[in-house]
Amino acid sequence: MEVNKPVKALILGYGIRGRAYASYASTHPRDFEIAGLADPVAEFPAGAKYPTWKSWEEAINAGVEADAVIISLPDRMHHKACLMALEKGYHILLEKPIGCTWQECKDIVEAQKKAKRLVLTGYVLRFAPFYKKLREVISSGVIGELTSVHHLAAISYGKAAHAYCRGNWSVEAKGTGMLVNKCTHDFDLIEWWTKGKVCKKVTSFGSLFHWRPENSPEGAADRCQDCPQSVREGCPFDAYKLYYDRTDLRYHFADESDEAILKMIETSPYGRCVYACGNDSVDHQTVLMDYDGGLTIILEMESYSQQRTRVTHFYGTRGEIIADERKIEILPFVGDSTTIIPAQNGHHGGGDREIMTEFVKLVRSASPDRYTKILEAALESHRIAFLAEESRYSGKTMDCVTGKPC
Ligand SMILES: NC(=O)c1ccc[n+]([C@@H]2O[C@H](COP(=O)([O-])OP(=O)(O)OC[C@H]3O[C@@H](n4cnc5c(N)ncnc54)[C@H](O)[C@@H]3O)[C@@H](O)[C@H]2O)c1
């Protein structure tokens, strides 16, 4: 494609992620243009000059001139939409997870190799200035060789109740488990931090500890609006507390006004009692990884945290690094400690914007060999995540080389 023309893309799924990527067209009109939007329920921007459709299939079959598609659909639609988009010759920005099973992921890699198009996974954190800086610090060797890493993905009780108890990812069979949905990001970061090292074994434990019917407070109703005030008062997961009193979760809804939020609580799944959601997703999970050379890594995914953040503690033969998505503390055994606070602006610490910049650059670069390498690198995070899930289900440690229990 001509490098001075904007990359034109169809956006399939105009929910939170679709809207985030679409906004790049207004901030970077020379680089990116919307060729059309597809969503069955979303309100599309008024006065848009591009076509809109009710389903992704219609959009992809419409024959509209476009270089790429952005797949920001629910997880279970990624596989089919991605295969069809590759068949049509589009470049793709594919939200994670790549597929809902390991087989689906492998199908996409095969199709990508045939089509020779870009499939960039929505690993926005890799592009965020904070994480780029952190990787630079680790790679500098300032703490010597890594011996172990303790990584906490703290979801926060409000966000976890929203997504993994009441929302899209509450029932594992409808998409992927919480670990694959949430922590493929974290596995990807780990893969990036440990570049060149091979994970040999993985084992995992986790469960749905709390959001179960038997933990429902006495007298609680199935929806918050019907729940007695005395019960709601003591409930941290009360939908009025999470969505009406607080405003930080409102970005999940297209209309964030007080009136719309009250209506949403009364009518949508997000107004259900957390103990009556029919959910089976885990609410916490731990993964232990054993790397060649002796490096060991612990990943902890936790719903019941006050803050929504990631905290990583790196231990090396010459010192420690502690990173918490705001600051990077470097604590060498010899010499002075330093703290770096990388500048961040925008959603996902600027990662949403930076991934779009990279996507445009990659589409314009027309480099098929590189495209395959990019997808294969993203696949590693999924491979380990699916093996960790197999370990949780089977209670066995998995051999990452053979893909079988040890
Ligand atoms: N990279 C990240 O950090 C990140 C963060 C959140 C979510 N995600 C991923 O992004 C994807 C979308 O998540 P979201 O939070 O935007 O969810 P969302 O529910 O806000 O958006 C999904 C949209 O797809 C639409 N949709 C459903 N069926 C459709 C169809 N047949 N055709 C067209 N559109 C259809 C829905 O109406 C909805 O608007 C998920 O796969 C999720 O895992 C990635």
Side-chain angles (χ1 to χ4, degrees), residues 10-24 36-45 51-62 69-82 84-85 92-100 104-105 108 120-128 130-131 153 155-156 159-160 162-164 166-170 172 174-189 249-256 264 268-270 281 308-310 325 346-356 358-359 378 381-382 385:
L10 299 168
I11 300 184
L12 312 180
Y14 193 58
I16 298 171
R17 300 305 302 156
R19 293 197 293 275
Y21 293 127
S23 70
Y24 195 77
L37 299 177
D39 198 296
V41 295
E43 248 181 64
F44 297 120
T52 59
W53 302 272
K54 289 284 176 202
S55 78
W56 67 264
E57 287 98 333
E58 285 174 75
I60 236 169
N61 288 316
V69 303
I70 294 183
I71 299 178
S72 39
L73 294 162
D75 298 0
R76 65 185 180 282
M77 297 179 190
H78 291 190
H79 177 248
K80 199 166 161 206
C82 188
M84 206 186 275
I92 300 164
L93 173 51
L94 173 62
E95 260 308 351
K96 52 89 197 164
I98 295 172
C100 288
E104 285 190 1
C105 296
I108 289 173
L120 183 66
T121 313
Y123 282 146
V124 288
L125 298 181
R126 265 190 188 235
F127 299 94
F130 177 88
Y131 281 104
I155 319 294
S156 85
K159 170 74 184 178
H162 174 86
Y164 302 101
R166 292 180 165 121
N168 288 352
W169 297 279
S170 56
E172 291 190 355
K174 286 192 182 165
T176 55
M178 183 173 174
L179 189 77
V180 173
N181 179 267
K182 185 74 202 171
C183 286
T184 35
H185 269 311
D186 302 271
F187 287 109
D188 182 59
L189 289 174
L249 289 170
R250 288 194 186 185
Y251 74 93
H252 287 282
F253 306 98
D255 187 345
E256 299 186 22
M264 177 283 291
S268 84
Y270 298 102
S281 168
R308 186 169 157 194
T309 187
R310 290 178 164 88
E325 294 208 314
H347 200 53
H348 284 121
D352 283 8
R353 182 186 58 252
E354 298 300 318
I355 197 174
M356 284 300 290
E358 182 69 9
F359 182 60
S381 53
H382 285 62

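Keep in mind it's a predicted model, so treat the numbers as computed, not measured. In listed order, ligands and their atoms are each counted from 1.
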> Hey, is Trp169 one of the residues with a heavy atom under 4.0 angstrom from ligand 1?
Replying inline: yes
> Minimum heavy-atom separation for Arg126 to Leu189, with atom names?
Replying inline: N-CD2, 4.5 Å
> Are Phe253 and Tyr270 close enough that their ring centres sit under 6.0 Å apart?
Replying inline: yes
> What is the nearest protein non-hydrogen atom to atom 44 (C) of ligand 1, stated with its residue, atom name and distance?
Replying inline: Glu95 OE1, 3.0 Å
>> If we only consider heavy atoms of Arg19, is any one of them less than 4.0 Å away from an atom in ligand 1?
In response: no
>> I want to check something: taking the side chain as every heavy atom from C-beta on, are Leu120 and Ile355 in contact at a cut-off of under 4.5 Å?
In response: yes
> Would a distance-only check, ignoring hydrogens and angles, find a side-chain to backbone donor-acceptor pair under 3.5 Å from His78 to Ile71?
Replying inline: no
>> Taking NZ in Lys54 as the centre, count heavy atoms belonging to other residues, nucleotides or ligands within less than 6.0 Å. Is the count above 12?
In response: yes
> So between Gly13, Ser72, Gly351, whose heavy atom ends up nearest atom 22 (C) of ligand 1?
Replying inline: Ser72
> Are any of the heavy atoms in Leu12 under 4.0 Å away from ligand 1?
Replying inline: no
>> Measuring from atom 11 (C) of ligand 1, which candidate in Leu73, Leu93, Ile60 has the nearest non-hydrogen atom?
In response: Leu73
> Parallel under 30°, tilted from 30 to 60°, perpendicular over 60°: which one fits the rings of His382 and Tyr123?
Replying inline: tilted
>> Test of understanding: given a 4.0 Å heavy-atom threshold, classify the contact between Asn168 and ligand 1 as side chain, backbone, both, or neither.
In response: side chain
> atom 35 (C) of ligand 1: which protein heavy atom is closest, and how many Å away?
Replying inline: Pro40 CD, 3.2 Å
> For ligand 1, is any non-hydrogen atom under 4.0 Å from Leu125's backbone (N, CA, C, O), its side chain (CB onward), both, or neither?
Replying inline: neither
> Closest non-hydrogen protein atom to atom 8 (N) of ligand 1, residue and atom name please, with distance?
Replying inline: Arg17 CG, 3.6 Å
> For atom 21 (O) of ligand 1, which protein heavy atom lies nearest, and how many Å away is it?
Replying inline: Gly15 CA, 3.3 Å
> Charged N to carboxylate O below 4.0 Å: is that the case for Arg17 and Asp352?
Replying inline: yes
> Where does Ala42 meet ligand 1, judged by heavy-atom distances below 4.0 Å: at the side chain, the backbone, both, or neither?
Replying inline: neither
> Would you say the side-chain atoms of Tyr14 and Glu43 include a donor-acceptor pair closer than 3.5 Å?
Replying inline: no
> Given the rule in the side-chain hydrogen bond (donor to acceptor under 3.5 Å, both in side chains) test, do Asp75 and Trp169 qualify, once you have shown the distances and angles that lead to the verdict?
Replying inline: CA-CA 9 Å; Asp75 298 0; Trp169 297 279; 2.8 Å; yes
>> Checking contacts here: is it the side chain or the backbone of Phe253 that comes within 4.0 Å of ligand 1, counting heavy atoms only? Could be both or neither.
In response: neither
> Nearest to atom 31 (N) of ligand 1, what protein heavy atom do you find, and at what distance?
Replying inline: Trp56 CD1, 3.6 Å
>> Return the closest protein heavy atom for atom 23 (C) of ligand 1 as residue, atom name and distance.
In response: Asp39 OD2, 3.5 Å
>> How close do Asn181 and Lys96 get, counting heavy atoms only, and between which atoms?
In response: O-NZ, 2.6 Å
> Starting from atom 28 (N) of ligand 1, which protein heavy atom do you reach first, and at what distance in Å?
Replying inline: Met77 CE, 3.2 Å
> Side chain, backbone, both or neither: which part of His252 comes within less than 4.0 Å of ligand 1 when only heavy atoms are counted?
Replying inline: neither
> Under 4.0 Å from ligand 1, counting heavy atoms only, is it the side chain of Val124, its backbone, both or neither?
Replying inline: side chain
